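Notes follow once the structure below has been shown.
This is a predicted model, so every value here is computed, not measured.
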Amino acid sequence: GPKMVEFHGQQFQINSKDGKPLFTVDENEVVIGTDKLRVTGPEGALFEHSVETPLVKAEAFKQLRLESPTRSLSMDAPRGINIKAQAGNIEALSQMDIKLHSSDGVLLLDAETVRLPKLPEGTRGGPGVSQGLYEICVCPDGKLYLSVAGLGSTCQEYSRVCQ
């Protein structure tokens, strides 16, 4: 028709000049076989279900944004997920908690400096008054543990927690 093209068949395919399939549709899947798929709409691409791809990349000098405005965003990989910023920072912002969990391994903070700027500090009180505050202690192997805060440090290098 003048406003629509309709095709009935088991498969529809568009090939390049040299015979490579560029776009293939059948009742089970749509395959786009180009080297690069560019989505140019101002709102980006909308996917109703999952997406599987070896690479997601922004145009040069443009931001890449993965967003799920009303639900969660999940990345799953059997051999790990690597997030790297060659030049710049990586930020994780959340209105609620940010949880880092390793079911079989360690949490490694490998940096020149580790800061906890909003950690509450107690005021000097009488002996034996802990104010519900704790001291973060570090074992020689890097393991962290909490100790009830006192007037001086309550961390012990050879604490039973470290063994």
Side-chain angles (χ1 to χ4, degrees), residues 21-24 28-163:
L22 299 175
F23 183 80
T24 306
N28 295 319
E29 68 180 356
V30 174
V31 177
I32 300 172
T34 61
D35 292 333
K36 184 186 287 186
L37 172 65
R38 178 174 282 162
V39 179
T40 60
E43 296 294 320
L46 174 65
F47 299 98
E48 301 250 338
H49 299 286
S50 65
V51 176
E52 183 176 329
T53 179
L55 177 66
V56 176
K57 184 176 170 182
E59 285 186 73
F61 306 107
K62 301 278 182 157
Q63 281 189 350
L64 175 65
R65 190 178 168 112
L66 300 177
E67 181 179 290
S68 179
T70 60
R71 296 290 187 267
S72 64
L73 180 63
S74 175
M75 291 186 282
D76 299 314
R79 294 190 179 180
I81 294 173
N82 183 19
I83 301 171
K84 182 188 283 189
Q86 295 286 57
N89 297 328
I90 293 176
E91 286 187 33
L93 305 172
S94 174
Q95 182 178 355
M96 300 298 283
D97 298 340
I98 294 177
K99 297 178 182 179
L100 303 173
H101 173 74
S102 175
S103 59
D104 187 23
V106 298
L107 176 62
L108 178 64
L109 301 175
D110 185 7
E112 184 73 28
T113 304
V114 176
R115 293 186 184 148
L116 303 169
K118 293 187 178 182
L119 201 62
E121 292 183 18
T123 57
R124 290 204 166 240
V129 179
S130 72
Q131 303 172 9
L133 296 175
Y134 294 86
E135 183 175 4
I136 297 177
C137 303
V138 183
C139 298
D141 65 357
K143 187 179 192 180
L144 298 176
Y145 69 95
L146 293 177
S147 179
V148 176
L151 290 176
S153 176
T154 58
C155 295
Q156 299 171 12
E157 186 176 350
Y158 298 104
S159 165
R160 62 180 165 77
V161 177
C162 297
Q163 297 173 5

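- No donor-acceptor distance shorter than 3.5 angstrom exists from the side chain of Asn89 to the backbone of Glu91, with no hydrogens or angles considered.
- Taken to the nearest 0.5 Å, the CD atom of Glu67 stands 9.5 Å off from the CG atom of Leu73.
- For the atom pair SG (Cys137) and CG (Leu144), the distance works out to 9.0 Å, reported to the nearest 0.5 Å.
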Check the pair Phe23 / Thr34 against side chain to side chain contact (heavy atoms under 4.5 Å, CB included), numbers first and verdict last.
CA-CA 8 Å; Phe23 183 80; Thr34 61; over 6 Å; no
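- For the atom pair Lys62 NZ and Lys57 NZ, the distance stands at 15.0 Å (nearest 0.5 Å).
- Scanning all heavy atoms of the two residues, the minimum distance from Val148 to Thr154 falls at O-OG1, 3.0 Å.
- Nearest heavy atom pair, residue Ala77 against residue Gly80, reads CB-O, 3.2 Å.
- If you take CG on Leu107 and CG on Leu100, they are separated by 5.5 Å, rounding to the nearest 0.5 Å.
- The distance from atom NZ of Lys118 to atom CZ of Arg115, rounded to the nearest 0.5 Å, is 14.5 Å.
- Considering all non-hydrogen atoms of both residues, Cys162 and Tyr145 come closest at SG-CE2, 3.8 Å.
- In the displayed structure, Glu48 atom CD is contacted under 6.0 Å by at most 12 heavy atoms of other residues, nucleotides or ligands.
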Carefully, step by step, assess Ile136 and Leu146 under the rule side chain to side chain contact (heavy atoms under 4.5 Å, CB included).
CA-CA 5 Å; Ile136 297 177; Leu146 293 177; 3.9 Å; yes
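- Scanning both residues, Val161 and Cys139, for their nearest heavy atoms gives C-SG, 4.5 Å.
- When all heavy atoms are compared, the tightest approach of Ile83 to Met75 is CD1-CE, 4.4 Å.
- Heavy atoms only, all atoms of each residue included: Glu135 and Ser153 are closest at OE2-OG, 2.8 Å.
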